[in-house]
Amino acid sequence: MSLAELLQYLVTGVTVGSVYGLVALGFTIIYNATGIINFAQGEFVVLGGLIFYSLYVAAHLPLVAALVLAVAAVALIGVLMERLTIRPLINSPVVTLIIITVGVSVLLRGAAKLIWGPEALPVPPFSGEHSLFVGSVAVHLQYLWVLGLTVLAVVGLRLFFDHTIVGKAMQACAINSEAAQLAGISVSRMVQGSFALSAALSALAGIVICPITLASYDGGALLALKGFCGTIIGGLGNGLGAVMGGVIIGILEKLGIGFAPQGYAGYQDAFAFVVLLLMLFIRPSGLFGRQRTEGI
Amino acid sequence: MSAERKREILGFAVAVAIVAALPVVTRSAYWLSIGVFIALHGIVAIGLGLLLGYAGQVSLGQAAFYGMGAYGSAILTLHLGCNPWLAMGAAAVATGLIAYVIGVPTLKLHGHYLAMATLGIGIIVRILFNEGGHITGGPSGLPAVPNLAIGGFAFDNDLRMYCLAWPIVFLQVVFSRNLLRSRLGRALRAIHDSEIAARSCAINTAKAKVMVFVLSAVYASVAGSLYAHWVNFVNPHPFSFPFSLELVVMVMVGGAASIWGPLIGAAALTIIDQSLLQLGHVFPIAEDLDIVLFGIIVVLVLLFMPRGLVRGLSSQEAERRAG
């Protein structure tokens with residue numbers, strides 16, 4: 001493999017990886033607020049892409065309007081999910097809560113299939129089919145959109161958590177919800193906020209990636225899993241670690257394809273899960289987390 | 001004989017009677033094949049129910065274990081000329097080992113890593129089935145898997161398979177019931193009530209959970225083998241993620257913390273699935289409805305009847321009596 005090829009795979013890997021990173025961040029936000037691993041996370045991504053398709057491609061809305069509306073719509077779905085399915089069960093065992101997120105994911109996936117049909121829908125790239133050439137490495141302009149919006153979202157989120165009262169209240173809930181409640185923070189409202197935020201981030205991921213991957217109702221499970229691999233690599237609960245973890249998964253996956261012998265490209269999706277299992281076996285607290293396992 | 005024991009035996013007798021009645025009432029291949037499917041799904045669901053209801057863990061890769069049984073049987077009989085019974089046993093042992101390897105590290109962790117790990121295994125297995133070249137037959141699968149047979153008597157039609165699968169289900173019910181009354185069963189109950197309290201009674205909680213997980217995988221593998229030797233054909237499609245979900249739905253609908261619950265859930269969901277498929281011939285949209293419907297069922301059951309049909313109904317009955 002030549003250097004140019006290697007760089008090409010790296011660029012693709014970082015781009016796909018930053019989408020995984022956004023999904024991973026979405027997982028982390030809900031996990032920190034509730035202790036739930038939300039299996040409907042991938043459906044937020046898918047719905048983001050599909051709603052964006054309807055607004056941008058079918059309804060010819062301007063790019064920014066379609067993007068904002070699609071993100072808002074999915075955030076609303078997140079809020080509804082919390083209000084209708086999580087809040088009534090919030091005192092149930094965690095396994096029940098996890099299964100209800102599985103149920104919601106199935107429901108959303110089925111609804112998406114009914115509304116948008118089983119076919120994958122093409123979305124044109126935001127800035128046309130142009131590529132930027134850095135030396136001999138081609139960087140599709142859509143990749144720049146993905147990277148730019150990811151960076152913007154991560155930085156924006158950092159500022160939100162560190163410098164706004166709502167962000168700090170959400171962090172307080174994540175650290176200790178009882179203490180937060182005693183300090184006068186409405187924990188249930190923060191949990192709702194975390195679902196909205198998490199859904200919005202995942203929707204954004206779905207929107208920026210759909211010109212590259214097509215928008216399809218059944219891509220959610222795979223994306224969610226790769227995002228989850230990212231959270232595990234970063235250490236469950238560690239936001240920045242999750243984004244890094246997602247990027248690492250993306251890079252490993254693309255390099256894996258690059259180095260794999262001919263005819264083995266079909267295995268690319270298995271790659272992330274082998275990494276996930278290895279992480280769970282060897283270092284379940286993540287690359288950036290502290291070791292905290294329970295003895296057998 | 002205690003009242004509880006009497007009720008248990010009565011329940012078992014009623015179940016056996018219902019199952020025995022079907023071939024008497026109808027010899028239609030369609031209904032018998034649905035009966036076999038209920039038995040196969042029931043075997044997997046009972047195992048998953050033990051894991052969910054007693055170990056408090058969820059596996060989202062149960063379809064993969066079912067597939068490992070089916071493919072294990074197909075590969076061993078077709079490529080290595082193994083006896084089908086031997087293939088079924090070997091596949092079950094191999095599946096159990098794989099489950100053990102996944103279970104030990106993930107169940108040691110606090111929380112629900114098993115769910116994600118099994119989801120990952122499910123996807124890897126699906127890819128292996130698809131990409132396995134001549135070993136797995138790729139996307140088109142492996143045809144001509146031989147039937148199970150005793151001497152010259154082959155289980156080669158729906159009626160014969162029905163008569164093989166259901167006794168296995170009942171054996172499994174008895175075995176699972178006895179297991180829950182054993183040391184392991186009591187340990188699981190203790191874990192279910194309080195993991196910390198169980199540990200302070202010197203119960204090795206992680207080990208108990210791993211054992212249940214392995215058992216659930218072995219059950220799934222056996223059902224998968226039965227499936228392969230019955231339909232004489234395997235392809236990757238039936239063993240993918242949606243079926244894993246459907247299995248969880250079966251268990252939740254029926255009620256996890258009982259042995260009959262998952263079996264009833266399996267029957268209900270299999271019949272709903274088949275009805276939608278039939279309806280799909282008339283209204284094409286019905287086929288797409290199944291996913292939504294399963295989602296709605298899970299959500300509603302969890303919200304309004306979190307302990308499933310069996311417990312949900314009996315507790316309502318108890319409340320009525322008390323009130």
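Note on naming: letters A, B, ... go to the chains in the order of the sequence lines (proteins, then strands), and numbering restarts at 1 for each one.
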Can you tell which part of V58(B) gets under 4.5 Å to a heavy atom of chain A, answering side chain, backbone, both or neither? both

Most heavy-atom pairs under 4.5 angstrom with chain B, which of G103(A), P88(A), G35(A)? G103(A)

Please classify the contact between I100(A) and chain B as side chain, backbone, both or neither, with a heavy-atom cut-off of under 4.5 Å. both

Measure L245(B) against the heavy atoms of chain A and call it side chain, backbone, both or neither at under 4.5 Å. side chain

Kindly say whether the aromatic ring centers of F243(B) and H41(B) come within a distance under 6.0 Å. yes

Which bit of I232(A) is near chain B, if near means a heavy-atom gap under 4.5 Å: side chain, backbone, both or neither? side chain

Tell me, for I37(A) versus chain B, whether the close heavy atoms (under 4.5 Å) come from the side chain, the backbone, both or neither. side chain

Q278(B) and S275(B): side-chain donor and acceptor closer than 3.5 Å? no

Residue R83(A) excluded, over 12 heavy atoms near CZ under 6.0 Å: no

Heavy-atom pairs under 4.5 Å with chain A: which of I124(B), V298(B), V248(B) has the most? I124(B)

Look at L222(A), T96(A), I98(A), I99(A) and state which one has the largest set of heavy-atom pairs under 4.5 Å with chain B. I99(A)

Would you say Y219(B) and S176(B) are linked by a side-chain donor-acceptor pair, where the criterion is simply a distance under 3.5 Å? yes

Measure I123(B) against the heavy atoms of chain A and call it side chain, backbone, both or neither at under 4.5 Å. side chain

Is it true that atom CE of M211(B) has more than 12 heavy atoms of other residues, nucleotides or ligands lying nearer than 6.0 Å? no

Between chain B and each of T85(A), L114(A), L276(A), count heavy-atom pairs under 4.5 Å; write down the option with the most. L114(A)

Side-chain H-bond candidate by donor/acceptor type, Q41(A) with S202(A), under 3.5 Å: yes

So, for F213(B) and F65(B), is the gap between ring centers shorter than 6.0 Å? yes

Leading residue by heavy atom contact count with chain A [cutoff under 4.5 Å; candidates I297(B), N130(B), I296(B)]: I296(B)

